[in-house]
Amino acid sequence: MISAYPLLEGLVSCYPEWMPQANLYLIHGAAGDYLIDPSRPPQEIEAPERVRMIFATHGHYDHIQAIEAWRDFNPELKLYMHPLAREVLADYFENCSSLFNAATRFDGPDIEIEETLVELEEGLSLEALAMPGHSRDSLVYLLKQKDEYRALFSGDVIFFASVGRSDFKGSNPEALAQSLVRILSLPGERGFSAELPIYPGHGPATTFRHETLYNPYCMN
């Protein structure tokens with residue numbers, strides 16, 4: 001089993017990427033855990049029976065390759081994704097599984113979300129925001145604990161000093177540029193600190209301030 005490392009005083013933990021798996025995050029609530037990007041199967045996760053909901057940032061293989069293993073482990077689990085993910089998951093060129101020599105079609109999400117607030121449990125919620133460009137079904141998730149924003153899970157839209165590729169099937173560089181502007185405007189719009197952490201699908205954590213100041217793809 002791969003060890004996770006804790007974030008946000010134990011509210012979040014991360015199972016770091018290991019090719020061909022993206023970062024997997026668990027949000028730890030009082031009633032259970034909430035998984036973002038099912039890149040690893042249940043047997044690689046500590047206490048998988050605590051997982052109550054699964055969210056994916058987008059339908060690329062390195063982020064969702066273990067979803068069927070999770071469905072087999074617990075058929076009651078629901079997968080939350082953008083409505084367009086149904087088409088992305090069904091196309092092994094657009095879901096990028098063909099790039100990993102693992103051409104696979106996946107079943108679509110159980111629950112479709114877009115610009116949606118999802119209550120995980122009392123005092124804990126995720127706000128989904130559509131951020132196309134890297135893929136047409138890309139979502140980012142703002143984590144809120146009670147009345148406080150705690151983190152952004154950015155998938156492959158924005159990384160530490162970089163951004164997601166926009167040369168895949170379903171990508172759109174112009175849409176990605178617009179999504180980056182929108183992401184970096186969130187602190188001002190929502191009224192939270194620019195030091196809020198961003199947890200990306202690949203690589204280390206960053207902050208809104210760091211990306212505003214140092215990300216070469218976000219500079220005017």
Side-chain angles (χ1 to χ4, degrees), residues 17 20-27 33-42 45 48 51-120 125-143 152-158 163-176 178-180 182-183 199-202:
E17 65 179 322
Q21 299 161 326
N23 291 336
L24 180 151
Y25 296 95
L26 289 176
I27 301 165
D33 294 343
Y34 308 91
L35 189 156
I36 294 181
D37 283 341
S39 61
R40 296 178 180 274
I45 303 301
V51 174
R52 300 183 67 206
M53 300 177 185
I54 297 178
F55 298 82
T57 57
H58 62 295
H60 284 170
Y61 179 76
D62 52 335
H63 292 256
I64 50 82
Q65 62 183 281
I67 186 54
E68 300 308 332
W70 280 98
R71 285 168 160 159
D72 291 343
F73 175 75
N74 181 358
E76 299 300 314
L77 285 173
K78 303 299 183 186
L79 172 64
Y80 293 70
M81 294 185 76
H82 191 284
L84 290 175
R86 191 170 305 279
E87 299 173 12
V88 175
L89 292 171
D91 181 338
Y92 52 70
F93 290 106
E94 192 166 2
N95 70 34
C96 294
S97 59
S98 60
L99 299 179
F100 294 93
N101 295 317
T104 309
R105 294 184 174 94
F106 298 89
D107 291 336
D110 302 296
I111 299 176
E112 298 178 353
I113 54 174
E114 182 182 8
E115 304 294 319
T116 307
L117 182 68
V118 180
E119 295 289 343
L120 306 178
S125 64
L126 280 177
E127 183 180 0
L129 301 170
M131 298 286 179
H134 172 70
S135 66
R136 58 192 176 118
D137 65 328
S138 286
L139 294 172
V140 302
Y141 296 101
L142 270 172
L143 173 62
L152 177 81
F153 299 93
S154 65
D156 286 2
V157 180
I158 190 168
V163 299
R165 288 173 57 177
S166 57
D167 58 345
F168 297 122
K169 182 178 180 181
S171 296
N172 184 314
E174 291 78 18
L176 179 59
Q178 294 172 5
S179 291
L180 294 171
R182 186 181 180 199
I183 282 178
Y199 298 137
H202 301 280

Listed partners of Tyr92 passing ring pair (Phe, Tyr, Trp, His ring centres under 6.0 Å), at least two apart: none

Gap between atom OG of Ser138 and atom NE2 of His63 - 0.5 Å precision: 8.5 Å

Test side chain to side chain contact (heavy atoms under 4.5 Å, CB included) applied to Leu126 and Tyr34, step by step: CA-CA 10 Å; Leu126 280 177; Tyr34 308 91; 5.6 Å; no

Check: Ile183 and Leu152 side chains under 4.5 Å, non-hydrogen atoms: yes

No-hydrogen, no-angle side-chain donor-acceptor test under 3.5 Å, Asp37 and Ser39: no

Evaluation steps, side chain to side chain contact (heavy atoms under 4.5 Å, CB included), between Tyr141 and Ile27: CA-CA 12 Å; Tyr141 296 101; Ile27 301 165; over 6 Å; no

Nearest heavy atoms of Val157 and Met131, plus distance in Å: CG2-O, 3.8 Å

Contact check, side chains of Arg182 and Leu129, non-hydrogen atoms, under 4.5 Å: yes

Whether Phe106 and Tyr61 hold their rings parallel, tilted or perpendicular, with breakpoints at 30° and 60°: tilted

Side chain His60, main chain Asn95, donor-acceptor under 3.5 Å: no

Non-hydrogen atoms of Met81 and Ile64 that approach each other most closely: CE-CG2, 4.5 Å

Minimum side-chain heavy-atom gap Phe168-Leu99 below 4.5 Å: yes

Gln21 versus Glu17, closest heavy-atom pair with distance: O-CB, 3.0 Å

Nearest heavy atoms of Leu77 and Met53, plus distance in Å: CD2-N, 4.0 Å

Approximate separation, where rounding is to 0.5 Å, of Arg52 CZ and Asp33 CG: 10.0 Å

Audit row: Leu139, Phe55, side chain to side chain contact (heavy atoms under 4.5 Å, CB included) steps and yes/no: CA-CA 10 Å; Leu139 294 172; Phe55 298 82; over 6 Å; no

Gln65 and Phe100: CA distance, side-chain angles, deciding distance, side chain to side chain contact (heavy atoms under 4.5 Å, CB included) verdict: CA-CA 11 Å; Gln65 62 183 281; Phe100 294 93; over 6 Å; no

Side chains of Pro48 and Leu35 in contact at under 4.5 Å (non-hydrogen atoms): no

Atom pair CD1/CD1 of Ile54 and Ile36 - distance to nearest 0.5 Å: 11.5 Å

His82: ring pair (Phe, Tyr, Trp, His ring centres under 6.0 Å) partners, not counting sequence neighbours: none

Nearest-0.5 Å distance that lies between atom CD in Glu94 and atom CG in Leu84: 8.5 Å

Contact check, side chains of Arg165 and Asp156, non-hydrogen atoms, under 4.5 Å: no

N/O donor-acceptor pair under 3.5 Å between Ser171 side chain and Ser135 backbone: no

Trp70 side-chain N/O to Arg40 backbone N/O, donor-acceptor pair under 3.5 Å: yes

Side-chain heavy-atom pair Val88, His58 within 4.5 angstrom cut-off: no

Spacing of NE2 belonging to His134 relative to CG belonging to Asp167, to within rounding of 0.5 Å: 9.5 Å

For Ile67 against Leu79, the heavy-atom pair lying closest together: CG1-CD2, 3.8 Å

Considering all heavy atoms, the nearest Gly164-Leu176 contact: O-CD2, 3.3 Å

Ile111 side, atom CD1; Thr116 side, atom OG1 - distance, nearest 0.5 Å: 10.5 Å

